[in-house]
Amino acid sequence: MSTTEMPKAYEAADVEKKWYPIWESRGYFHGKPTEGKEHYSVVIPPPNVTGVLHLGHVLNNTLQDILVRRHRMLGHEVSWFPGTDHAGLATERKVERVMLEKENVTREQLGREAFINRVWEWKNEYGGTIIQQLRRLGTSCDWERERFTMDEGLSHAVRKVFVELYNKGVIYRGSRMINWCPVSKTALSDEEVIYKEINGKFYHYQYPLSDGSGALVIATTRPETMFGDTAVAVHPDDERYQHMIGKTVDLPLTDRKIPIIADFHADPTKGTGCVKITPAHDPNDYEVGQRHNLPMINIMNPDGTMNSRSGVDYQGLDRFECRKKVIADLEKAGLMVKIEDIVHSVGYSERGDVPIETLVSEQWFARMNELAKPAMEAVRDGKIKFYPERWTKTYFHWMENIKDWCISRQVWWGHRIPAWYNDETGEIYVGMDAPEKNGTWRQEEDVLDTWFSSWLWPFSVMGWPEKTSELKMFYPTTDLVTGPDIIFFWVARMIMAGCEFMDEIPFRNVYFTSIIRDEQGRKLSKSLGNSPDPIDVINTYGADALRFSIIYIAPTGIDIRYSNEKCELGRNFANKLWNACRFRRLQGNTSLAFRDLNGIALNKLTPDEKWIIQRINWMAAEVNQMLDEYRFDHAVHCIYDVVWGDFCDLFIESSKVRLRNGGENKEQALAVLDFAIWRILLLLHPFMPYITEELAHQMGFLNDDESIMKAEYPTACNAVEIPDTDEQLMRLVRGKFEIAAAGRNLKASYDIPNGKKADYHIKAVNPEAAEFLKSETDSLTFLVNAGNITISLDGWDASAGVAPSVMAELGTIYLPLKDLVDVNNELKKLTDQKKQLQGWIKGSEAKLSNQGFLAKAPENVINEAKEHLDGLKLKLARTEELIASLG
RNA sequence: GGGCGGUUAGCUCAGCUGGCUAGAGCAUUUGGUUUACACCCAAAGGGUCGGGGGUUCGAAUCCCUCACCGCCCACCA
């Protein structure tokens, strides 16, 4: 135990720096598979290896750390599997950008192999940033088990899964309509496309009939795609165009003729009812093309410029430049009819932030509908539970409509698809390693979608496909904590992968975190500049303060409005706790024995002491229950209220009397303080790991080689039973504090400084209250900072001077003020009070004379209502008495 | 178009399966050098619980409906 004086204010920085390395080096974070022990495990949602910590990570990882630390203290064998994600496209683009800025080199100039080496170098140098930042937060990850999605082991798992699914026919290669990002020049999955409402134009223009009998007017938002048109469609039942079906039109700006076809896709109520069909560049048109056997003309290069099929005048133009030229040329040709303003949604690439192109391309896909079935069942059966439960709805909706997953990406950084082509024979070989057969084999250039490794994470981190003891003891994991934004990307796919490859769900509970927004409700983003750096916050307020605050303000299931100032709450709380401990230290005699009330005769405890022990017991039960229900914010509120409101404001204050008096009482008081503090520190540790560890040592509760991390977590089961502690006693203690507050209130109302001692009289409501209050006179005198307090069953004798009063549960407290009080004022106050009481009584009586209420309300509610009415009547009587005494 | 969430004090939010006079923090006002803490203490003011309807003895809470805000999915040639 340190013997140095505790500073007046808690300084987080030094404490945090001190403890983390101690915990880590002593191996406290490491979980070992152990037969016969209860195991608890969590896998981290692996942050991007290029990432830096943001508040989303803070919330997410604090929640996991709370779960993990608590389970460790409950005596379970715990492992929190950490790691990072290679984040294919994101990382590739980041390194590319740095290379371009610093050396003016593109990845193409460098070549595939050299570029990949560069990414590895970059990863090795900067990839640890977020991992170090997580340590600052205090997360107790099992770092010995840290993994990276492109580790050899995990890559092996990816290849194995790919080969297996290919052999089962789940994975196939095919030419399909996909989402294409012209900036990243790669295919994207449907989930990587973000739709934005944008202001656009709706162009109406003519396609002249080839026989010269007139023209069709079509309407489109994308005129530049007309070079890929292979038909114009009208609805089969559309009267206006019946006679034209089967004819052809001259496609303007080209020398092609295209047919007019009848297809129900054409909506007579939209635009002109005529729609141009571009099968190679629009999903709906693709379907129409399939139905009518239309040719597909791809008119675009991978970078979004027009190719030679667009004609010499347009080829090479960017798609949006081309649009302008097409419009101008149509106008020149006199074919443009009108241009309308329109708001429509356009798909954007998540990474490139440019409009994507839908086009037909040769890609690798995974059929998901069969994989989805057992995964849906697992959630439907309750084997996997979602918190909040409503997210199951989103899950089912997606799973029921699941589409094939485009898993190939035209980037270099990632798991290269284990497929080889023989150009001579046209064979395709898919296997764990390159084919040894004769002939020239060329490996597939594409890599897999990042999520194709993430979906294996819960078992690949444990060494799958090897049959490891980790898998045996830690799989399935218990809890998963993640954001609802990746329910499709990750959560659903992990469930499918677990069911498919492990024949077992990957986790039992999924807790979906809130999304953090700024004070105006906007999403946090770098470009808006409204995304605070958590490391700055930690430096300013402390990691514990950040953790505590963010949980305190995070409602379950709805968005959080965050601002740095809100961390003051956690900082202030930490400081409050620090000073409560500091107060205890200043009393001397810290003893290890006291933390467990050893050597203290429990039957001699004072009512206050019994009361605080009960409160602590209650808090322990409550916190555990709240955490079992994943109601983190409630758990934190509960601790805050009991520690600040009950322990500091009431108990510590009232204990000062006993401490001052010394003797046996003092030792007992110290022991109860120690007991309360120790339990508070234990309960709080998962939320505020640093300060609780520091204080546990400062207070002498632990030896230097011990840690609060390894102590037993308080629960309802290990609560301390205190003799002669019933509800009635609790009520009396509460009542005493209430009277004290009433006494202070009187001083404040009459502008008497609290520092000035004043005499009081208390009229107790009954002999029991009188007896109790008398036994607590010292305490009351101190709490009110009174001179002299008389307690009896009689009211204040007004002949001795006017005494304003306040009523409380246990009695009425009078502050005799002689000439300082205006009697009329007092009378008015009391008359108002009387009126108010009469109003309440009237309401209460009305309720109790309501036959319906008496007949239908449950008995306890009726009894409570009666007691309440009695209480009101008593107060009214007391009020009338007071009025009479003044009159 | 379909789904989900939100609307309670000036602000941010509690309020569980309906049941005493709807709570907390911040902010505001007032007072305070009581031997832990001004990152503090004491006290005060402030809400017809988004509108309307219904169920019920009783509704912030359950149902219907409308409005507004936000998110997700589908679609918008």
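The sequence lines fix the lettering, A, B, ..., with proteins before strands; numbering per chain opens at 1.
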Just to be sure I understand the rule, does [X] reach a base, reach only the sugar-phosphate, or reach nothing, if contact means heavy atoms closer than 4.0 Å?
X	result
A/Ala741	sugar-phosphate
A/Arg222	nothing
A/Gln851	nothing
A/Arg561	sugar-phosphate
A/Asn401	nothing
A/Ala219	sugar-phosphate
A/Cys648	base
A/Thr278	nothing

Is it the case that over 12 heavy atoms from other parts of the model lie below 6.0 angstrom from the CD atom of A/Glu859?
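At most 12 heavy atoms, drawn from other residues, nucleotides or ligands, come within 6.0 Å of this atom.
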
Nearest-angstrom distance from the residue atom [atom1] of [X] to [atom2] of [N]:
X	N	atom1	atom2	answer
A/Lys747	B/rA44	NZ	C1'	17 Å
A/Phe396	B/rA74	CZ	C1'	20 Å
A/Ile691	B/rC39	CD1	C1'	11 Å
A/Glu622	B/rA14	CD	P	17 Å
A/Leu586	B/rU35	CG	C1'	9 Å
A/Tyr195	B/rC73	OH	P	9 Å
A/Glu565	B/rC39	CD	P	16 Å
A/Tyr750	B/rA43	OH	C1'	14 Å

Taking only the side-chain heavy atoms of [X] (C-beta and beyond), determine which of [options] contains the nearest atom.
X	options	answer
A/Asp559	B/rC4, B/rA36, B/rG70	B/rG70
A/Phe488	B/rC39, B/rA43, B/rC73	B/rC73
A/Arg517	B/rC37, B/rA43, B/rG70	B/rG70
A/Lys566	B/rC16, B/rU12, B/rC4	B/rU12
A/Leu872	B/rU21, B/rG5, B/rC37	B/rU21
A/Asn284	B/rC75, B/rC39, B/rC41	B/rC75
A/His397	B/rA36, B/rG5, B/rC73	B/rC73

What interatomic distance, in whole Å, is found between [atom1] of [M] and the corresponding atom of [N]?
N	M	atom1	value
B/rU7	B/rA43	P	31 Å
B/rC39	B/rG23	C1'	24 Å
B/rU12	B/rA27	C1'	11 Å
B/rC11	B/rU48	P	13 Å
B/rU21	B/rG47	C1'	13 Å
B/rG45	B/rU28	C1'	9 Å
B/rG19	B/rC71	C1'	35 Å
B/rG51	B/rA38	P	44 Å

Side-chain ([X]) to main-chain ([Y]) donor-acceptor, under 3.5 angstrom:
X	Y	result
A/Asn579	A/Asn575	yes
A/Thr272	A/Val217	yes
A/Tyr760	A/Gly743	yes
A/Arg582	A/Met6	yes
A/Ser844	A/Ile841	no
A/Asp759	A/Asn788	yes
A/Asp544	A/Tyr690	yes

Geometric cation-pi criterion, A/Lys576 with A/Phe647: 6.0 Å, 45°:
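That pair does not qualify as a cation-pi contact.
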
Using the test side chain to side chain contact (heavy atoms under 4.5 Å, CB included), find all partners of A/His397 that sit at least two apart in sequence or belong to another chain.
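Expected list: A/Asn401.
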
Can you see if the side chain of [X] gets near the phosphate of [N] - specifically, an N or O under 4.0 Å from OP1 or OP2?
X	N	answer
A/His634	B/rG15	yes
A/Arg744	B/rA43	yes
A/Lys393	B/rC4	yes

Restricting to pairs with a member in residues 738-747 of chain A, which pass side-chain hydrogen bond (donor to acceptor under 3.5 Å, both in side chains), not counting sequence neighbours?
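Listed by first then second residue: A/Asn745-A/Ser749.
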
Of A/Lys403 and A/Trp644, whose closest RNA chain B nucleotide lies nearer the 5' terminus?
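Per heavy-atom nearest nucleotide, the more 5' residue is A/Trp644.
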
Taking the nucleotide of RNA chain B with the closest heavy atom to each, which residue, A/Lys8 or A/Pro268, is nearer the 5' end?
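Its nearest nucleotide lies further toward 5', so the answer is A/Lys8.
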
For A/Arg319 and A/Glu357, run salt bridge (Lys or Arg N to Asp or Glu O under 4.0 Å): C-alpha distance rounded to whole Å, both residues' side-chain angles, the deciding distance at 0.1 Å, then the answer.
CA-CA 10 Å; A/Arg319 50 193 170 146; A/Glu357 287 296 330; 2.7 Å; yes

Close N or O pairs between protein and nucleotides 18-20 of chain B (under 3.5 Å):
residue	atom	partner	partner atom	Å
B/rC20	O2'	A/His868	NE2	3.1

Can you give one letter per nucleotide of nucleotides 23-34 of chain B, going 5' to 3': B for a protein heavy atom under 4.0 Å from the base, S for sugar-phosphate only, - for none?
--S--------B

Nearest 0.5 angstrom please: A/Ile299 CD1 to A/Asp229 CG, how far?
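One finds 8.0 Å between CD1 of A/Ile299 and CG of A/Asp229.
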
Contact list for residues 193-205 of chain A, test salt bridge (charged side-chain N to carboxylate O under 4.0 Å, His left out), sequence neighbours left out:
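Applying salt bridge (charged side-chain N to carboxylate O under 4.0 Å, His left out) to every pair that reaches into residues 193-205 of chain A, excluding sequence neighbours, yields A/Lys196-A/Asp353, A/Lys201-A/Asp341.
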
Given Watson-Crick or G-U pairs with both distances under 3.5 Å, what dot-bracket string fits RNA chain B, with | for other-strand pairs and [ ] for crossing?
(((((((..((((.....[...)))).(((((.......))))).....(((((..]....))))))))))))....

Any donor-acceptor pair under 3.5 Å joining the side chain of A/Gln587 to the base of B/rA36?
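Between B/rA36 and A/Gln587, which were checked side chain against base, a qualifying N/O pair under 3.5 Å is absent.
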
Without hydrogens or angle criteria, can the side chains of A/Asn539 and A/Tyr541 be said to hold a donor-acceptor pair below 3.5 Å?
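Their side chains do not contain a donor-acceptor pair, so the 3.5 Å distance test is not met.
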
